[in-house]
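Letters A, B, ... are given to chains in the order of the sequence lines, protein chains preceding strands, and every chain is numbered from 1. Since the model is a prediction, treat every value here as computed from it, not as a measurement.
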Amino acid sequence: MCGIAGIMFKNGGGTEPAGRALIDMLDGCQHRGPDSTGFALYGDVLEDGLRLRFFVGEGEEADAAVARIGSALAKHGARIVEDERVGSNYRVRASFDGDIRKLAYDVEHAAKVISIGSSLEIVKDVGGAHEVDDHYGVSGFHGTHGLGHVRLATESAVKPEAAHPFWATGFADVAIVHNGQITNYWKMRRRLEQRDYAFTTDNDSELIAVYLADKLSQGIALKDALAASIDDLDGTFSFLVSTRDEIGYAKDRLAVKPMIMYETDDLVAVASEEVSLNRLFPGQALNTREPPPGTCATWSRSI
Amino acid sequence: MVTIDLAQTPVREANERIRRYGADGTDVELVNPDARHHLGVGLVHPIHVRIRGSAGYFCAGLTDAARFEVDNNVGWGVGDNMYSGRVVVRGNAGAIPGVAIRGAEIVIHGNMGSRAGQVMKAGTLACAGNANFMAGYMMYGGRIIILGDSGEKVGEDMTGGHIFVGGRVQDLGSDAEQVDLEDGEDDDLRAFLDRYELRFTGTFKKIANAGRKLRYATSERQIRSIPFFTFSGASEYWNPKIQEDIYIKSQIGRYRIRGYGGARALPHLADLGFRRDVSRAGEDADVVSKVALKTEIGGLNGANPLKLSMPVMIAPMSYGALSASTKRAIGLASTLSGIAENTGEGGMSDAQRGAASQLIFQMLGGRLGWNIHDMNRADGLEIYISQGAKPGLGGQLMAKKVTPELARIRGIPHGIDLRSPSRHPDILGGDDLLIKVEEMREATGYRLPVSVKLGAGRVSDDVKIAVKDGFDFIELDGMQGSTGAGSAEVIDYVGVPTLPAVIEAVGALEEIGRRQDIELVLMGGIRDGVDAVKALCLGADAVAFGTSTIIAGGCIACMQCHVGQCVTGIATQDPAHESRYDPEAESHNIHRFLEGVRWQIAALTHALGYSDFRALNRDDLVALTPEAAEITGLPHEPGVRAKTPELRVSLA
């Protein structure tokens, strides 16, 4: 129950309006998911540090969470270089050269982690694309690539932490947006849990992210990891994945969930509906294409 | 010709203007379409509509006679359900192009997406490029021409019609086979291509249904008649019902199909009692005039609501499962009692429309009999997701009942064992559903309430999606609902009973603070006014009666609805059997039953101390069994049972 979007400026140097583009694309398909909106944004790479984002809430609750985060980071030898509170988020830049997975699992006990990476920051909250932009300044964000998601929720309170994108818990810079349903979720999750991976939600999108990140950590190329996911994951899905330098898609064999893409020499944009792509190019007849069922592809930014 | 700029004009206003221009015979050009959805839907006049760019979902959907031309791409479902007329797309088409068309010509110059021509009935879908996965999926008739490659599983589960492939046949679908072209067929194809200036010099391969799955290998045997009370009796191993079941399976070698409702003890409204002493209910002979029973359903979002003389309507039952005479009797009775009737699956006949003063038109995944003209003469539109008796499954109608007349209305070959699709081609999640609801509203000018029928399954999630997708009301159907034909195990063992279903539905809507934004009509084994009052107490805005109206009209509950030889003339299409049924007389029997329901609702509401049925609430109830207490959260007071009188219909 959602709409997805992704963009990569293939020859960009990091000054491209990725935030603005994603807001426009998501606003175009907000009808697919009016409850919450989220973005996975890739900024300048911190060579020996991390960008971390947490949900901390408001007021005293937030103060306590920030204090807990501070001591959890200190325990792992991460030194806060810069921090700020934005909306219900706590945003940190820290110097760190240890094991990110250990850090992530531990700091999760201090506060709800949204994302960790040297480049990735996930911004997500209840409301539409413009509301989330108003609170978090997404439109001012520049970068080569990013993902976005709009969601229709069925849980009781529409919670920001249930919004997408999902970070691949424990793996720096890997994020996912997904439309569909993984039916062998528990079986796949147990398989990964037996290898000591932890999951912080029961959401099948987190599973896909961790599944792919695990493959990447074994040195498997993103393209090959995506191809394997089409065999290993059961259900209906169209998803987009992003890493520090790449974005990619995979589509299930039943082709039940929509996806459409537009590519030029300079950019590739992928979305649930063409109406989102046309938001980037109003009034133009775009030469789009629909990826066939059971396929995947990746694009890299020029480094 | 007039030009509408979609950068300036909202789609809703544009569609209203297009329909007005259609009535005047003025052609229309749309500029800056930017892949917006629902362009031109609901148009029923033969004008030319030129779209200067890409269109989104359901371009030219639910139309008849118009000619559309799209300069670039289209999204899902171009020409959805189009009767006559044509669409020419210069670019590519997304999934399900030509879905459910019934005579239109759809021409795609580029490639087309998955499931092209799904459930199409007649007409031509042509594609100059390649098709994707499962072209011709579940098509019932007409032809698909693919000049490029066929894609995988071409002709998957097609019933009728033909697919012609100019390129490579990648892979045949289940029950599809390659056959030789008939004399003259090649000329017809090339004449069609010439008409649309499509160049093709190769040869065609023809794909048709292989006929392996259209009929069950063995038909359903007539069963010995076990009285229903024996059939539904105490559950023991190897009782007569189980023995009968095994015996029949030993003869037919497959699962069994039967009609009527579940026959297993389940928690139900009968397990609730009234907290107050209602033993004096009905002593006042004039009670009906003292209680407000009139209500409206479906008007919350601005549509014209159904106007009901009491919070009651008729549950959806198809012409097909039931005879035309029975549908007529029920329609007449609904008019006499001032409530709404429902077409069920399979289309709307003039007779049904004429008999019922208020008629809801039901749309299922097969789109059998669905069309813009009958939508326009309906009083409400309903999207069927599933039904309580067999949640997750489509309708079944055995060959005996699929007469030429019935097949014509539904747009399918006659004489097949019809197993309707269990899913909609274009509703595969809450996101698609929203776009579909919007298409129906756009096509009918936002006049009609749009409801969703949900068989109780994942009730909590389903009702939340329903309210978020903007439906006007939900028809929630519990497991005690009946069916004209369903697999025996499913009828008895799959689903959620009506009582926990309504509790979960109300709870879920309250949980997200949206109870006031949607109305809830409860059905599934509602037998009388007493059940109705309990349902209203639990939070339903109205209830619907199905099986009980059939019984009121003469059904003897022999459970053989599926056979098609109904002795009472109700569940049959055989003229000799149907002639036994007197619709005029039965309409009065059904009407009297409904008036009994009215009297019971009034008498109980009055006895509970209210003058308006809307005052009924859950504090009026107690649970008579521990199980019902657990399900409902009501206090368990078994002692109340003795005080709950047998409320009888006593009409002078």
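- Scanning residues 224-235 of chain A against chain B with a 4.5 Å non-hydrogen threshold yields no residues.
- Of the residues considered (B:Ala35, B:Pro33, B:Gly113, B:Gly75), B:Ala35 shows the highest number of contacts with chain A, using heavy-atom pairs under 4.5 Å.
- Minimum interatomic distance between A:Asn179 and A:Lys257 (heavy atoms only, all atoms of both residues): O-CG, 3.5 Å.
- With a 4.5 angstrom heavy-atom cutoff, A:Arg253 touches chain B only via backbone atoms.
- The cationic group of B:Arg12 lies under 6.0 Å from the six-membered ring centre of B:Tyr446 and within 45° of the ring axis, placing it in a cation-pi geometry.
- In summary, A:Asp24 and A:Arg20 engage in a salt bridge, as defined by a charged side-chain N under 4.0 Å from a carboxylate O.
- Between B:Glu511 and B:Lys464 there is a salt bridge, with a side-chain nitrogen of the basic residue lying less than 4.0 Å from a carboxylate oxygen of the acidic one.
- The parts of B:Asp34 that come within reach of chain A are both its backbone and its side chain, each placing non-hydrogen atoms under 4.5 angstrom from that chain.
- Both the backbone and the side chain of B:Asp461 come within contact range of chain A, each with at least one heavy atom under 4.5 Å from a heavy atom of that chain.
- Remark: aromatic rings of A:His149 and A:His178 are distant, center separation not under 6.0 Å.
- A distance-only check finds a donor-acceptor pair linking the side chain of A:Glu206 to the backbone of A:Thr201 [under 3.5 Å].
- When ring centroids are compared, A:Tyr262 and A:Phe281 come within the 6.0 Å threshold.
- Using modelled atom types, no side-chain atom of A:Lys124 and backbone atom of A:Phe166 make a donor-acceptor pair closer than 3.5 Å.
- Within the 4.5 angstrom heavy-atom criterion, only side-chain atoms of B:Arg115, from C-beta onward, approach chain A.
- Annotation: cation-pi pair A:Lys251/A:Phe239 absent, no NZ/CZ under 6.0 Å from the ring centroid and within 45° of its normal.
- Ranked by heavy-atom pairs shorter than 4.5 Å toward chain B, the options A:Cys2, A:Gly294, A:Ser276, A:Cys29 are led by A:Cys2.
- At a 4.5 Å heavy-atom cutoff, the contact between B:Ile435 and chain A is made by side-chain atoms alone.
- Relative orientation of the B:His38 and B:Phe58 rings is parallel, given thresholds of 30° and 60° on the angle between their planes.
- Between A:His31 and B:His37, the ring-plane angle classifies as perpendicular under the 30° and 60° cut-offs.
- For B:Arg423, no part lies under 4.5 angstrom from a heavy atom of chain A.
- In terms of heavy-atom pairs under 4.5 angstrom with chain B, the leader among A:Leu152, A:Asp35, A:Val275 is A:Val275.
- Proximity to chain A (any heavy atom under 4.5 Å) is shown, for B:Leu428, by both the backbone and the side chain.
- When the candidates A:Val150, A:Ile260, A:Leu254 are compared by the number of heavy-atom contacts under 4.5 Å with chain B, A:Leu254 comes out ahead.
- Of the possible donor and acceptor atoms, one in the side chain of B:Asn72 sits under 3.5 Å from a partner among the backbone N and O of A:Leu286.
- Only the side chain of A:Glu273 comes within contact range of chain B, with heavy atoms under 4.5 Å apart.
- Across B:Asn73, B:Leu6, B:Asn32, the residue that shares the most heavy-atom pairs under 4.5 angstrom with chain A is B:Asn73.
- Proximity of a side-chain donor or acceptor of A:Lys10 to a complementary backbone N or O of A:Thr264 within less than 3.5 Å is detected.
- In this structure, no portion of A:Pro34 lies under 4.5 Å from any heavy atom of chain B.
- Stacking of B:Lys153 on the aromatic ring of B:Phe133 is not recorded, the 6.0 Å distance cut-off and the 45° axial limit not both being met.
- For A:Gln181, the part lying near chain B is the side chain, with the backbone staying farther off; criterion is any non-hydrogen pair under 4.5 Å.
- Residue contact with chain B, scored on non-hydrogen atoms closer than 4.5 Å, is absent for A:Thr236.
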